Each structure stands twice: as structure tokens, then as C-alpha cells.
> 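Once you've had a glance at the structure underneath, I'll fire off some questions.
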There are 4 protein chains.
Amino acid sequence: MRESEARPRGRPRSVEARTAILRATREILNEGGITAVTMEGIAARAGVGKPTIYRAWPNAHAVAMAAMMETKTKAPKVSHSRSAIADLKRQLRGVADVFASRMGRQVTSMIAAASAESELSKVFRNHFILARREEGRAILLRAIETKEVRRGIDVDLVLDMIYGPLFYRLLMAHAPLDGKFTDSVVEHAVKGLRAG
Amino acid sequence: MRESEARPRGRPRSVEARTAILRATREILNEGGITAVTMEGIAARAGVGKPTIYRAWPNAHAVAMAAMMETKTKAPKVSHSRSAIADLKRQLRGVADVFASRMGRQVTSMIAAASAESELSKVFRNHFILARREEGRAILLRAIETKEVRRGIDVDLVLDMIYGPLFYRLLMAHAPLDGKFTDSVVEHAVKGLRAG
Amino acid sequence: MRESEARPRGRPRSVEARTAILRATREILNEGGITAVTMEGIAARAGVGKPTIYRAWPNAHAVAMAAMMETKTKAPKVSHSRSAIADLKRQLRGVADVFASRMGRQVTSMIAAASAESELSKVFRNHFILARREEGRAILLRAIETKEVRRGIDVDLVLDMIYGPLFYRLLMAHAPLDGKFTDSVVEHAVKGLRAG
Amino acid sequence: MRESEARPRGRPRSVEARTAILRATREILNEGGITAVTMEGIAARAGVGKPTIYRAWPNAHAVAMAAMMETKTKAPKVSHSRSAIADLKRQLRGVADVFASRMGRQVTSMIAAASAESELSKVFRNHFILARREEGRAILLRAIETKEVRRGIDVDLVLDMIYGPLFYRLLMAHAPLDGKFTDSVVEHAVKGLRAG
DNA sequence: ATCTAAGCGAGACGGTACGTCACGTCTTGGG
DNA sequence: CCCAAGACGTGACGTACCGTCTCGCTTAGAT
């Protein structure tokens, strides 16, 4: 018995309640966005007592994060063509599409509003943002192998230079966030700025 | 045009009230952050009636933005050395320093939370973020003139590639936001990723 | 202008709200008794916000007391016959009738539950209990004048000996609280216990 | 029946649970009064499950009553002097002392709040109040035998006239509840109010 | 020199949501 | 079969702010 993990005493948490809470939260998110998510509203719609929610999450923000993370995210489908650079462009287009949607803005503003140190908000960032970045890392490493990209780059930094502009435009909205833009990001990153 | 501009009847808005409101808001921001800013709190601290605040701003968020924009921002002091690239690095370091501070996170999360279409939030973004970006544009154009950077780049896009990673790290906090990082961003941008 | 009494600043309390609150409380008291009186219930029925109630009373108990005190109490009609002692008996019967009713038990248990030192609960006691006792005092003083009762008695104490047994039976319910009982109280008080 | 005393297998934990519950309730009563007595609090302090309490009592009020009745009440020590009247005064002083204490007010308000028809609340009243009254009855009957008090009085009624004022003052708090008062009650009862 | 409209502080209003407490019931695993 | 533990749905608590609405009082341009 290795994995028994010190099962807690007493009545276990109700799976039905948890499911209902997250479903209700998801519905509210879809209908009114993050500002419409309230503990009262969730409890009422889920047919659940408020204390039941508080037992599992500290505030409505956290419930919303948990709810979002249980939504089915359509598999982003990373392609594997001859050119790793082309794959990178495709992946970046996919990410931009997702984050330009309403849901994307919601996720972004939730991250911005979160306390940043909480465990849940880290998981949330990993789930939505950094997971995409890790896909990019795989592609980038492949690009090094295929010699499309030189050895010796700082991979983490390059990833930030690829995904960063995307979120920058999303937040600042000073220019459109489209495929032309993301393609150009990759091209400029590869080509560099040097004269000659 | 006599410039009289149809001066309205009645008692004019009180300048003292406006000043007191913004000062109080600033104090609250410093003490408890954006979540501590409430209309009640501002009114109480400023010694002002709530309707007086509502006459000028639609909600507490807007007052906070206005208050932040009236804070003295120490002039970022763009340098003019021989190398425009070096100037760019210096400027980027300065921007990173400011935004890594508590105030920087506040600004960022306020932008993320704002409705994005409101006039005030555009002004706010311009004031804090895009103004820095425009400084960068000037430096970048000079770098083209000095031939440190090739003609033909998409300047707007390059600016996004330089400032974007900064905000990306700020929001995601997956890695430190220091001078080494910003320097490397510029270097990688210049050098590109190409093998050979 | 002597009586101006330093009118408070700001918007004055709404008389309509106060009226609605007390009416609602009265209705709830009639329907479910004191245990049914809750702040939420009052607010909902009165069409009033909870804070409006809390602005005027510290808890539901106090609202119930205030509501009870604004009910029309049918004038107890103290009689003035030849015999003050007979008048006293009649008055005591009236008091017993009132307090044997549901409302009487409610009043009594509210007094018992009250904090005893609060200003409101003193007023409440005066209004419902001690006012009756003061009627008794008047009759008793008249009985002294008419020489039905000897000079030299401790009037306050005698009043307690007349009204006390009534509440004792009400609370302890060890024996019925009827006119025969109250008449006998007066008779025994007058006659005394001495042998001979 | 060897009753070896080591029977940890079975269930007769029940007695210990009962004891722990009542002890915990007593402690809570002492610390915070009747309003601090809650099922949750009792269960937590007694180290007992809530259902275990509900199996034996219907609500916290009832547990509190049961707990109070198991407190050791210092024997009131009825004296037997020459004068039964003097004995009555002494006994009444003792009763007043007890009920003027914090515990006395608690008992009184619990009786006032109780539903009056429940079996437990009858037992409670008997235990605390009417038992004292029965002591008084014995003394009073002796007083009749010794001819300090005339034959023909309504004993029950006279007892109410002696103990009633005590609880009346306790509840209404319109005047002090001291030995001088209780002595006077007896004296006035004996002497009567008649002129001449 | 009035009149009068608008702004002023204060603060109460009807609401909504908060986060907590206790209720009385139920569902676990274990003795 | 009962025990402790503790989660459940319920409902009320008392508080914080919301954005709006009177109040009586300035203030200052228009009459």
C-alpha cells in the first residue's frame, strides 16, 4: 500500500457538487464574463451551498480559474512538416487565434488580476500560456537540429521574443493580432536586424 | 470666436475637490493597491461627497487611472550615445526597472482589467506603455540611419518584439525581468536566429 | 429658536422606510412569533435594504421591540369605582388577560432574552410592564386616601407583590393565570397572613 | 460477570460521550453564557460527533438545560429555628442570592425562552425554581402549625406572592433584589395592608 | 442687489455580494 | 451497530460598496 496517501477522515468531498460548481461557473463565464462570476451566483446556479464552494476555493477568481482549466481545449495540433520554422509559424497562428477570442482576453486579464504567487494561478498560467510556449520550445529545438536555426541561441529568451509580442498586442491593442503579424514575428526573429 | 465657450451657469467644478480626490486615490493606491480603491474610501479620505466623484469619473477604476496619470513620473532620460543599439538597451533597462516595481504590476493589471475600448484606458495605455514604445521607435529609426540596423524592417513589429517580451515576463513571471534579459533581447533581435 | 436641536447633516432618515420596517416586523411577529423575526425577512418583506435596518437598530431583537411598542395597545381603561381595591382587582384582571395571550408570552420572553441594560429594552419594559405597574400605583395611593389600605406600607414593594405573582405564574406555568387567582392575590395582600 | 473492566471492543462509549458533552456545555455556559452554546461548539470541545448529541437532545437549548441540571448546586440549607417566619426570610434571602447571580439570570432567561410545554423544560423549572418554592411550602405549613400564620390561607397563592416578586424584580430590574427587599416581602405578606 | 442654477459635503436609500457561522442531515472508515 | 469526523444544502448573520437620491449650504453668472 504505497499510494494510500493518508486518506482524510469524515465524509469525502462530493464529486457531484464539484462538477456542478464548475459547470455553473463555466456557464456564467460564457454569459457574462469574469465580472459576472460571483460566489452567490455560482452557488445558486449549481444548487450548492456557498460554504461548499469556500471549502474548495478561497474566492470566486479561483473558482473561475479552476472552471476554465476544466474546459475542453481543442487540441492545438502541432504540425510536423519539413520546415520547423513553418511549423512554428503555424503554431503561433493557432495560439493567436485562440487568444484573440473573448476567452483569450478573459484568460489574460485573469492572469493579470491574479495574485501571481498563488499556486492555482501558477497552474493556470502553465495550463494556458506556458504550455503553448513549451510546444514552441520543442519546435525550436527541432529547428536547431535541422539547422534552420543556429546553435547557441538562448532558447528561453527566443521563446519570449516569439510569444511576448503576441500578448503585448493583445493587452495594448495598438495593432491587429493576425496571421500576418505572427508570421512576421518569426521571420524577423530568424533574420535579425543587422544591416548588410 | 470669442473663446467664451458658453460658460455654464451655476457654480463651477471645484478644483480643490478634484485635487483632493486624486491625492486621496494616490494614497490609497500606495497603501493597498488597486483593490483597495473604492469610491467610499476616496470620498472619505478626500473629504468629498460621492456624487462629486461620480460627476467626473464613472467608476473607481477610472479615478485610479486618472490618479496614476497625474503622478510625477521621473523622466526616463533617453541617452544619446554613439551607438543607437546601446541606447536602446539602456532605455529598455529603464522601462524594465519601472515595470518590475509594484507600481508597474499595478499599471499592467489595470490595463488588463480595463474595458480596452474606453477613451480613458486608451489614454492610460498611451501614457504609460506606448509612450515608452515611441521612445524606442525614435532610437530604432536612428539605428537605421546609423546603419546599425538594416533598412526594410517592419519597425512597429520590431518594437513589439522588443517590448513584448518584457510584459510577457512581467505577466507570466516564469523568469526574471532584469537587465541581462533586456540586453539579450536586443542582441538576439539584432543578430537573428539564422545558422551560419 | 430654542428647540432646533442641531439637525444632522445629510439626507434625513426615510420615514417610509422606518414605517415599512416596523409594519413588516409586526406581520412576521404575528405569523411566526419572535423566532421568525430575522433581518433578512424584515428587509425582504419591507422592500428595504438590510443596511437601512442596521442603521436604526442593532439587531432583530431590537427591531421586534420597537415594532411591538408601536402597536396600538387597546387602552386598559382603569375604572374609578367607589372601592379602590375593587378597581385594583379589575386592573389586575386586565393585565393578566393581556399577558396570558400569545403576545404576552412573547413580550415576557423578549424581556428575559434582552440584554437588560440596553436603553431600548428599558423603554420596552417601561412601555409594557412598568406602565401597568404605575397604574396600580395610582390606585394603591387612592386606596390609602380612602383608608382601605393603611398608611405606612412600602408602596413599591406592595406593587411587586401584586404584579410579581402574575409574571411568576406566566413564566413557570405551574398554575392557571385567571381572574380568580388575581382577585385572591389582592385579597390576601390586603388581609395578611396573621392568625387571629 | 467477571466484568474485567477492559472492554474496548464494544460500543458502551456512550456514557463517556454523554459526560463529555455535558462537561463541554457547562464550560461554554460559564465562558460565554447561553448564547454561546452551539451544537458545533459542544461537539468540537467534547470531541464528539454532532449526531451523537442529536441522538440524545433535540437542540442546543436542551443540552444547556441538561448541563445546568447536572451542576452541583450547593445545598441551600433550610434552617429550622423557633420562628418559621424567620426561616422563611432566610430561605428567601438564599434564593434571591442565587438568582441575582449570573447563573440565575441565565436560568431565568432560559425558562422564558423555552417552549414551556416540553418535558425537559418542565423538569428544568422544577429543578431550579419550583423546588425552592416547595421548600417554602414546607416552611409555610409549619408556620400554620406554630400559629404564626392563620389557617385558611391559599398556600399556593401565598407562595406565589412570596417568590413571584423576586422573579419580577429579577426580570424587570426596576429595583434592587436584596435581603432587605425579601424580608419586607415576608413582613408585608404577614401583616397585610389593612388599615387600623 | 437679487435671483437662480449648479456644485458642494454629507449621508441615507435599495441593492448585491461578501465571507462566516451554525443548523440539522448525510456519508465515510474504523472499533 | 455506533462512533468521530467532516462534507452537505440551507439560511441568516453583519459588513462593505455600489450608484442614486435628497438635504441645506455655497458660489457666481445672469438678471
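Note that these values count all heavy atoms, side chains included, but never hydrogens, waters or copies made by symmetry. If you're wondering where the values come from, they're calculated on a predicted model, not measured in any experiment. To find a chain, count down the sequence lines: A is the first, B the second, and so on, and within it residues start at 1.
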> Provide, to the nearest angstrom, the distance between the CE atom belonging to C:Met39 and the P atom belonging to E:dC21.
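For the pair C:Met39 CE and E:dC21 P, the rounded distance is 19 Å.
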> Both A:Gly41 and C:Ala43 contact DNA chain E. Which one's nearest nucleotide lies toward the 5' end?
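Looking at the nearest nucleotide for each, C:Ala43 comes out on the 5' side.
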> Tell me if a side-chain donor or acceptor on A:Thr52 pairs with a main-chain N or O of A:Val48 at a distance below 3.5 Å.
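No, A:Thr52 side chain to A:Val48 backbone: no donor-acceptor pair under 3.5 Å.
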> To the nearest angstrom, how far is C:Ile53 atom CD1 from F:dA12 atom P?
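One finds 13 Å between P of F:dA12 and CD1 of C:Ile53, rounded.
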> Are a donor atom and an acceptor atom from the side chains of C:Ser14 and C:Glu16 found within less than 3.5 Å of each other?
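Side-chain D/A pair, C:Ser14 to C:Glu16: present.
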> Taking atom C1' of F:dC17 as reference, at what distance in whole Å does atom CD1 of B:Ile28 sit?
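Spelled out: CD1 on B:Ile28 to C1' on F:dC17 is 13 Å.
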> Which part of the nucleic acid does C:Arg55 contact within heavy-atom distance under 4.0 Å: base, sugar-phosphate only, or nothing?
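Counting heavy atoms under 4.0 Å across all strands, the contact made by C:Arg55 includes a base.
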> State, with a plain yes or no, whether a side-chain heavy atom of D:Trp57 is found less than 4.5 Å away from one of D:Met65.
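A side-chain contact under 4.5 Å is absent here.
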> Atom NE2 of C:His61 and atom P of F:dC13: how far apart are they, to the nearest Å?
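Computing the C:His61:NE2 to F:dC13:P distance gives 13 Å.
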> Measuring only between side-chain heavy atoms, which start at C-beta, is C:Glu70 closer than 4.5 Å to C:Arg26?
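Yes - at least one pair of side-chain heavy atoms lies under 4.5 Å apart.
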> Could you measure the distance from the CD atom of B:Gln106 to the CD1 atom of B:Ile111? Nearest 0.5 Å is fine.
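Spacing of CD (B:Gln106) from CD1 (B:Ile111) equals 12.0 Å.
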> Hey, can you pull the residues of residues 45-52 of chain C with a non-hydrogen atom under 4.0 angstrom from DNA chain F?
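Nucleic-acid contacts, sorted: C:Lys50, C:Pro51.
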> Can you tell me how far CG of A:Leu29 sits from CG of A:Leu22, rounded to the nearest 0.5 angstrom?
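CG of A:Leu29 is found 10.5 Å from CG of A:Leu22.
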> Rounded off to whole Å, could you give me the OH-to-C1' distance for the C:Tyr54 and E:dC13 pair?
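So the OH-C1' distance, C:Tyr54 to E:dC13, works out to 17 Å.
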> What is the distance from CG of B:Asn59 to P of F:dC17, rounded to the nearest Å?
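My rounded result for the distance is 16 Å.
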> Does a nitrogen or oxygen in the side chain of A:Arg11 sit under 4.0 Å from OP1 or OP2 of F:dA7?
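No, because none of the side-chain N or O atoms of A:Arg11 sits under 4.0 Å from OP1 or OP2 of F:dA7.
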> A:Ile42 CD1 to E:dC18 C1': how many Å, rounded?
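The answer, rounded to whole Å, is 13 Å.
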> Considering only F:dA12, F:dG9, F:dC17, which nucleotide approaches the side chain of C:Glu40 most closely?
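The closest nucleotide is F:dA12.
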> Closest nucleotide of DNA chain F for C:Thr38 versus for B:Pro58: which of these residues is on the 5' side?
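In this pair, the answer is C:Thr38.
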> Using whole Å, report how far CZ of C:Arg13 lies from P of E:dG14.
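Roughly 12 Å, once rounded to whole Å.
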> D:Ile42 and D:Ala24: which non-hydrogen atoms are nearest, and at how many Å?
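For D:Ile42 versus D:Ala24, the nearest heavy atoms are O-CB, 4.1 Å.
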